[in-house]
Amino acid sequence: LTIDTAGIPELSAKDVNAALLNMVKQDLIKALHANRTVIKVAFRYYALAGVTNVDDDPSTMTMVQFSNFCVGAKIIGKDVSTSDCDRVFLRAVRTIPSSETPEEREASSLATALEHSGVKVSGWKKAKLAVNAVGKLLKGAQLMNQPQFVQALIRLTAFVYPNSDEMTIAEKLTRLCKWRIEGHVFSELQLIEDELTSYMRT
């Protein structure tokens with residue numbers, strides 16, 4: 001219910017109002033509900049596929065695994081590059097805390113300035129806040145959870161169907177799930193129905 005539509009090209013026009021945004025979100029919720037199984041199974045498979053040791057979180061996906069998903073689902077191709085998928089990943093995992101204090105906002109700006117200019121900062125408190133902000137940003141940008149995966153799928157539609165003005169975002173998402181992801185998950189990977197399950201029924 002909290003779908004992030006900020007920065008989506010179809011909704012970047014000046015005449016987009018609150019009523020239209022609400023309608024778009026309702027349509028997206030219906031599309032997500034209709035394709036919930038394939039989305040959840042795809043995320044779960046690629047999240048688990050990225051686990052290499054006991055300390056890895058099996059409920060999150062790395063950028064490499066997201067790229068592998070895009071390759072497997074044939075999203076990367078003529079119109080969509082690997083860098084496009086990486087940008088979508090980074091945008092999806094970017095978190096902006098709503099309870100951010102003015103000091104933390106200043107620390108984030110300071111952290112960026114320190115990284116690019118090397119200017120010394122007066123005051124240990126500001127420097128400490130900057131270091132903490134950088135640590136949180138780097139940690140949050142490494143792993144994608146399932147809601148963020150959903151956000152990424154919505155944003156991928158703009159790359160996969162760039163000139164399809166006659167389709168809504170929800171229709172693009174449905175087409176992406178049906179034509180790209182569903183066949184990959186159910187037929188190629190056989191994550192729901194495979195030879196063993198059919199054999200066990202006989």
Side-chain angles (χ1 to χ4, degrees), residues 1-13 16 20-51 57-96 137 140-192:
L1 295 177
T2 56
I3 296 172
D4 179 16
T5 56
I8 293 178
E10 293 93 329
L11 301 177
S12 61
V16 173
L20 177 60
L21 285 176
N22 185 56
M23 187 172 67
V24 167
K25 288 185 178 183
Q26 291 299 324
D27 288 344
L28 279 171
I29 289 169
K30 291 176 184 175
L32 289 169
H33 181 73
N35 297 283
R36 64 193 181 279
T37 301
V38 68
I39 292 171
K40 285 193 274 188
V41 172
F43 175 80
R44 181 61 54 212
Y45 173 79
Y46 280 97
L48 288 171
V51 173
D57 185 358
S59 61
T60 57
M61 185 186 294
T62 64
M63 182 187 282
V64 172
Q65 286 306 109
F66 182 71
S67 181
N68 289 341
F69 158 75
C70 291
V71 171
K74 297 177 180 62
I75 293 172
I76 294 177
K78 186 179 76 170
D79 297 323
V80 186
S81 66
T82 303
S83 61
D84 292 331
C85 292
D86 289 346
R87 285 199 303 273
V88 168
F89 177 92
L90 292 173
R91 176 61 179 81
V93 299
R94 185 181 71 180
T95 55
I96 302 172
L137 288 171
Q142 292 173 349
L143 300 172
M144 171 187 278
N145 58 33
Q146 186 166 306
Q148 292 168 337
F149 180 69
V150 171
Q151 308 289 355
L153 288 183
I154 294 170
R155 293 179 187 284
L156 277 175
T157 61
F159 290 94
V160 179
Y161 308 108
N163 300 317
S164 303
D165 295 332
E166 69 280 0
M167 287 193 296
T168 65
I169 301 172
E171 289 170 341
K172 290 180 182 181
L173 178 65
T174 298
R175 183 172 289 193
L176 180 71
C177 290
K178 294 290 184 188
W179 291 11
R180 306 286 179 105
I181 306 173
E182 191 172 293
H184 174 57
V185 169
F186 293 157
S187 299
E188 294 176 2
L189 297 177
Q190 296 184 335
L191 296 179
I192 299 296

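Position 1 is the first residue of the sequence; numbering continues from there.
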Check your understanding: So, D84 and S81: side-chain donor and acceptor under 3.5 Å apart, yes or no?
Key -> yes
Review point. Is the side chain of Q65 donor-acceptor paired with the backbone N or O of Y46 at a distance under 3.5 Å, no angle test?
Key: yes
Practice item. May I ask you to decide if H33's main-chain N or O and R36's side chain share a donor-acceptor pair within less than 3.5 Å? Key: yes
Is any side-chain heavy atom of [X] less than 4.5 Å from a side-chain heavy atom of [Y]?
X	Y	answer
L173	I169	no
I181	N35	no
V150	F43	no
V24	T168	no
R44	Q146	yes
C70	V80	no
V71	C85	no

Gap between atom [atom2] of [Y] and atom [atom1] of [X] - 0.5 Å precision:
X	Y	atom1	atom2	value
M144	L90	CE	CG	8.5 Å
L28	I154	CG	CD1	4.5 Å
R180	T157	CZ	OG1	11.5 Å
L20	K25	CG	NZ	11.5 Å
F89	T62	CZ	OG1	6.5 Å
E166	E171	CD	CD	9.0 Å

If you compare all heavy atoms of [X] against all heavy atoms of [Y], which two are closest, and at what distance to 0.1 Å?
X	Y	value
F186	T37	CZ-CG2, 4.3 Å
G72	H184	O-ND1, 3.0 Å
L143	Q148	O-OE1, 3.6 Å
A170	D27	CB-O, 3.5 Å
P58	V51	CA-CG2, 3.6 Å
V88	F159	CG2-CE1, 3.4 Å

Check your understanding: Could you go step by step and tell me if I75 and F69 meet the side-chain contact (heavy atoms from CB on, under 4.5 Å) rule?
Key -> CA-CA 8 Å; I75 293 172; F69 158 75; 4.0 Å; yes
Practice item. For side-chain contact (heavy atoms from CB on, under 4.5 Å), just list the numbers for V38 and K178, CA-CA rounded to whole Å, side-chain angles, deciding distance to a tenth of an Å, and then say yes or no. Key: CA-CA 9 Å; V38 68; K178 294 290 184 188; over 6 Å; no
